[in-house]
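Each remark here refers to the structure printed beneath this line.
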Amino acid sequence: MDKWDRRFMDMAQQVSTWSSCFRAGRAIGCVIVKDKRIMTTGYNGAPAGIRTCRDRGECMRDRLGIPSGTRAELCYATHAEQNAIIQAAKLGVSIDGATLYCTHQPCSVCAKMIINAGIRRIVYREGYPDEFSLELINEAGVTLERYVV
């Protein structure tokens with residue numbers, strides 16, 4: 001890892017503080033970078049116009065007893081990686097060939113989006129209990145690197 005990786009991972013960590021996730025330890029931040037320039041950022045939170053978990057005062061996943069890494073569709077939040085990719089599409093920003101920096105390893109749904117968006121490298125800090133995402137990322141030939149401080 002070089003000084004640029006450190007800078008962009010630090011930025012992903014900062015972006016994670018914008019999360020509206022109510023679940024402890026699940027504030028996720030993401031930065032998509034191309035040619036050492038930030039293309040987009042994303043954090044996990046409710047879609048525009050939808051009340052956040054913080055607004056509701058509870059995590060639906062906790063209330064329903066859903067374990068981490070399963071049933072991602074049962075959550076008000078959109079994942080940080082998804083929000084960063086959606087922002088690129090909304091703004092017409094090409095992220096083909098980019099590097100995605102994220103505070104956590106992507107889930108399998110995010111991995112599919114990352115692969116199809118043409119992102120070639122993922123740098124993450126914390127693991128995530130989704131082995132299938134690792135299989136997808138590996139098969140697609142996307143570089144996956146764990147950032148260790």
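Not measured: the values here are computed from a predicted model.
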What distance do Cys110 atom SG and Leu136 atom CG have between them, rounded to the nearest 0.5 Å? 11.5 Å
Under a 3.5 Å distance rule, please check whether Arg146 uses its side chain to pair with a backbone N or O of Arg125 as donor and acceptor. yes
Verify, without hydrogens or angle tests, whether Ser133 (side chain) and Pro106 (backbone) share a donor-acceptor contact under 3.5 angstrom. yes
For Ile119, run the side chain to side chain contact (heavy atoms under 4.5 Å, CB included) check against Ile114, Asp96, Val33 and tell me which one passes. Ile114
So, taking the atom named CE in Met11 and the one named OG in Ser16, what distance separates them when rounded to the nearest 0.5 Å? 12.0 Å
Do Tyr124 and Ile95 belong to the same hydrophobic cluster, where Ile, Leu, Val, Met, Phe, Trp and Tyr are linked whenever their side-chain heavy atoms lie under 4.5 Å apart, directly or via other members? yes
Please confirm whether the backbone N or O of Arg71 pairs with a side-chain atom of Arg61, one donor and one acceptor, at under 3.5 Å? yes
Nearest non-hydrogen partners of Arg54 and Phe22, listed with the distance: CA-CD1, 4.0 Å
Please report the interatomic distance SG(Cys107) to CG(Asp130), rounded to the nearest 0.5 Å. 6.0 Å
I'd like to know if the side chain of Thr103 reaches the main chain of Gly29, judged simply by a donor and an acceptor atom lying under 3.5 Å from each other, with no hydrogens or angles considered. yes
Run the side chain to side chain donor-acceptor pair (under 3.5 Å) check on Tyr101 and Asp5 step by step: do they pass? CA-CA 8 Å; Tyr101 294 88; Asp5 289 331; 2.6 Å; yes
Are Phe132 and Leu100 linked, directly or through other ILVMFWY residues, by side chains that come within less than 4.5 angstrom of each other? yes
Ring of Tyr76, cation from Arg56 - is the NZ or CZ under 6.0 Å from the centre and inside 45° of the axis? yes
I want to check something: taking the side chain as every heavy atom from C-beta on, are Met113 and Glu81 in contact at a cut-off of under 4.5 Å? no
What's the verdict on side-chain contact (heavy atoms from CB on, under 4.5 Å) for Gln87 and Leu91, showing C-alpha distance, side-chain angles and the deciding distance? CA-CA 6 Å; Gln87 190 68 14; Leu91 297 174; 3.5 Å; yes
Counting C-beta onward and ignoring hydrogens, is there a side-chain heavy-atom pair between Ile28 and His79 closer than 4.5 Å? no
side-chain contact (heavy atoms from CB on, under 4.5 Å) between Arg120 and Val142: does it pass, once the steps are laid out? CA-CA 5 Å; Arg120 302 305 312 147; Val142 175; 4.0 Å; yes
Given side chains that start at C-beta, do those of Glu58 and Asp62 come closer than 4.5 Å, heavy atoms only? no
Are Met39 and Trp4 joined in one hydrophobic group, where the rule is that I, L, V, M, F, W and Y side chains link up if heavy atoms are under 4.5 Å apart? no
Please determine whether residues Val149 and Val123 belong to a single hydrophobic cluster, defined as Ile, Leu, Val, Met, Phe, Trp and Tyr linked transitively by side-chain heavy-atom distances below 4.5 Å. yes
Could you check whether any side-chain heavy atom of Val109 comes within less than 4.5 Å of a side-chain heavy atom of Gln82, counting everything from C-beta outward? yes
Atom CZ of Arg37: over 12 foreign heavy atoms under 6.0 Å: no
So CD1 of Ile85 and OG1 of Thr40: to nearest 0.5 Å the spacing works out to 8.0 Å
Check for me, please, whether Ile50 and Trp18 land in the same ILVMFWY cluster - side-chain distances under 4.5 Å, paths through other members count. no
What distance separates Asn83 CG from Ile86 CD1, expressed to the nearest 0.5 Å? 5.5 Å
Which atom pair, heavy atoms only, marks the closest approach of Arg26 to Ser68? NH2-OG, 3.0 Å
Closest approach of Cys75 to Ala72 (non-hydrogen atoms, all atoms of both residues): CB-O, 3.7 Å
Rounded to the nearest 0.5 Å, what separates atom NZ in Lys3 from atom CZ in Phe8? 11.0 Å
Which heavy atom of Ser20 sits nearest to which heavy atom of Ala46, and what is that distance? OG-N, 3.7 Å
